[in-house]
Amino acid sequence: MRYIVPLLLLCCLMLSSGCASLYGVYDDQRLSGTISDDKEISLGIKSDLMDANLSQGWGIKVYCYYGHVFLVGEAPEKMRSQAIRIARRHKGVRSVTSHWFTPAKSDTGDFVLATKLRTELIGTSGLSSTRIDTEVNAGRVVLLGVVKDEAERKLAIRAARQVEGVKQVISYLMLPQKQADMPVPKGQVVPGAGQGTQPAATPAAAPSTEPAATPAAAPSTEPAAQPAAQNVPTMPPANSSHKLTPPTAPPPPPVGDEAAGAV
C-alpha cells in the first residue's frame, strides 16, 4: 500500500506532462518559428552544460522564451557563473536570468508537491496549464512560460499559492509580444497560502539577469603615431675635411651718438 500512492502520483504527472507536450504547441502563445528557435537554444545550452559536467549531480533546468533564457535550480557558487557564461554565448540569446535555490527543507517532497501543483493548475477554470512550466524546490515554486494576458498570469499565481505545502511562488510568466519589443522579464515573488506577508524562511537566491554576450570590438587599423620631427644639425663624418663654422655673433647695440641718430 505504501508504494501505491507514489505510483499513482507518478502516473498522473506523466499523463499531465504527456498532454502538455501534445497540446503545448497548439496552445502556445508564441509563433511556431519562435517556439522552434527557443527549443533549439535551450537544447544547445543543455548539451553544453552536460559537456562541461555542470549537470552531473546538480539540477540546472534550462528554459527559453522569445530568446530569454532562464537557468533554474541548485548549483555551487563556483559553477553558477560558468553556467551563465555558457548560456550567454549561444546565438539568438537575448538575456540570461538565473534563479538559484538555496538549500532548504520542506515537510512535503518536491515530487509530491509538483504533482499537486500541476493538478491544481489543470483544474483551474480559465487557465491553460500547458502554457506554464513549473519548478519546485523545498516548498518554493517557480512559474515560467507565456500566458495570454495579465488576468491569466494572476490566475496562475493565485492557483499555485493555494496548493498546500507551497511556501513561496516566484513568477517569470511572460505575455505574448513581438520579439523585438519583448522586455527582459523580472521575477515576481509572492508568499504561499497561509504564509501571510512574511517571506519564506529560506528564500531563493535573488535572480540575476544579464544581457547576451556581445562580440568584441574590432581591432583598430590606425597606424601608430609618428614621433615629432626634431631639428638636429647634421654632423659631418669623422674623416671629412669640412670644418664647422661657429655661428656669427650679432652686432652690439649702438651707443652714444649712434644711438641718438637712430632715434
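Counting only heavy atoms from C-beta outward, the side chains of Trp100 and Ile60 approach each other to under 4.5 Å. A 4.5 Å side-chain heavy-atom check between Val141 and Ile170 finds every atom pair outside the cut-off. Counting heavy atoms from C-beta on, the side chains of Leu175 and Val146 never come closer than 4.5 Å. Within the 4.5 Å cutoff, side-chain heavy atoms of Val69 are placed close to those of Ile45.
The CD atom of Glu152 sits 13.5 Å away from atom NZ of Lys154, with the distance rounded to the nearest 0.5 Å. Taking CG from Leu71 and OG from Ser98, the interatomic distance works out to 6.5 Å, rounded to the nearest 0.5 Å. For the atom pair OG (Ser129) and CD (Glu120), the distance works out to 11.0 Å, reported to the nearest 0.5 Å. Annotation: the span from Asp37 atom CG to Ser42 atom OG amounts to 11.0 Å, rounded to 0.5 Å. Here the NZ-OG1 distance, from Lys167 to Thr108, works out to 8.5 Å after rounding to the nearest 0.5 Å.
Judged by distance alone, with hydrogens and angles left aside, the side-chain atoms of Asn137 form no donor-acceptor pair with the main-chain N or O of Phe101 at under 3.5 Å. With hydrogens and angles disregarded, no donor-acceptor distance shorter than 3.5 Å links the side chain of Ser47 to the backbone of Leu43. A side-chain donor-acceptor contact under 3.5 Å links Arg140 to the backbone of Thr102. Arg80 places a side-chain N or O within 3.5 Å of a backbone atom of Ala75 that can act as its donor or acceptor partner. At distances below 3.5 Å, at least one donor-acceptor pair connects side-chain atoms of Arg153 with backbone N or O atoms of Leu173. Here the side chain of Asp133 pairs no donor or acceptor atom with the backbone of Gly145 at under 3.5 angstrom. Of the possible polar contacts, none joining the Glu40 side chain to the Ser36 backbone as a donor-acceptor pair under 3.5 Å is found.
Inspection of the Ser128 and Thr130 side chains reveals an N or O donor paired with an N or O acceptor under 3.5 Å.
Residues passing the side chain to side chain contact (heavy atoms under 4.5 Å, CB included) test with Thr134, sequence neighbours excluded: Leu117, Arg118, Leu121, Ile132, Leu143. Among residues two or more places apart in sequence or in another chain, the salt bridge (Lys or Arg N to Asp or Glu O under 4.0 Å) test is passed with Lys61 by Glu135. Applying the side chain to side chain contact (heavy atoms under 4.5 Å, CB included) rule to Leu155 yields the partners Thr124, Leu127, Arg158; only residues at least two apart in sequence or on another chain are considered. Legend: residues meeting side chain to side chain contact (heavy atoms under 4.5 Å, CB included) with Asp110, ordered by chain and number and at least two apart, are Val136.
Across every non-hydrogen atom of Val93 and Ala87, the tightest pair is CG2-O, 3.5 Å. The two residues Arg131 and Val147 come nearest to each other via the heavy atoms CD-CA, 4.1 Å.
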>> For a side-chain contact (heavy atoms from CB on, under 4.5 Å) check, start with the C-alpha distance between Leu113 and Val163, then their side-chain angles and the critical distance, and finish with the verdict.
In response: CA-CA 8 Å; Leu113 188 56; Val163 177; 3.8 Å; yes
> Please walk me through it: do His99 and Tyr172 pass ring-ring contact (aromatic ring centres under 6.0 Å, His included)?
Replying inline: CA-CA 10 Å; His99 188 96; Tyr172 293 101; 5.6 Å; yes
>> Run the side-chain contact (heavy atoms from CB on, under 4.5 Å) test on His90 and Asp48 for me, step by step, so that the C-alpha distance in whole Å, both residues' side-chain angles and the decisive distance to 0.1 Å come before the verdict.
In response: CA-CA 10 Å; His90 273 261; Asp48 287 354; 2.7 Å; yes
> For Tyr66 and Arg30, what are the C-alpha separation, side-chain angles and deciding distance, and is it a side-chain contact (heavy atoms from CB on, under 4.5 Å)?
Replying inline: CA-CA 8 Å; Tyr66 294 107; Arg30 295 168 293 172; 3.5 Å; yes
>> Quick one, Leu144 with Tyr65, criterion side-chain contact (heavy atoms from CB on, under 4.5 Å). Give me CA distance, side-chain angles, the key distance, then yes/no.
In response: CA-CA 9 Å; Leu144 308 104; Tyr65 314 95; 3.4 Å; yes
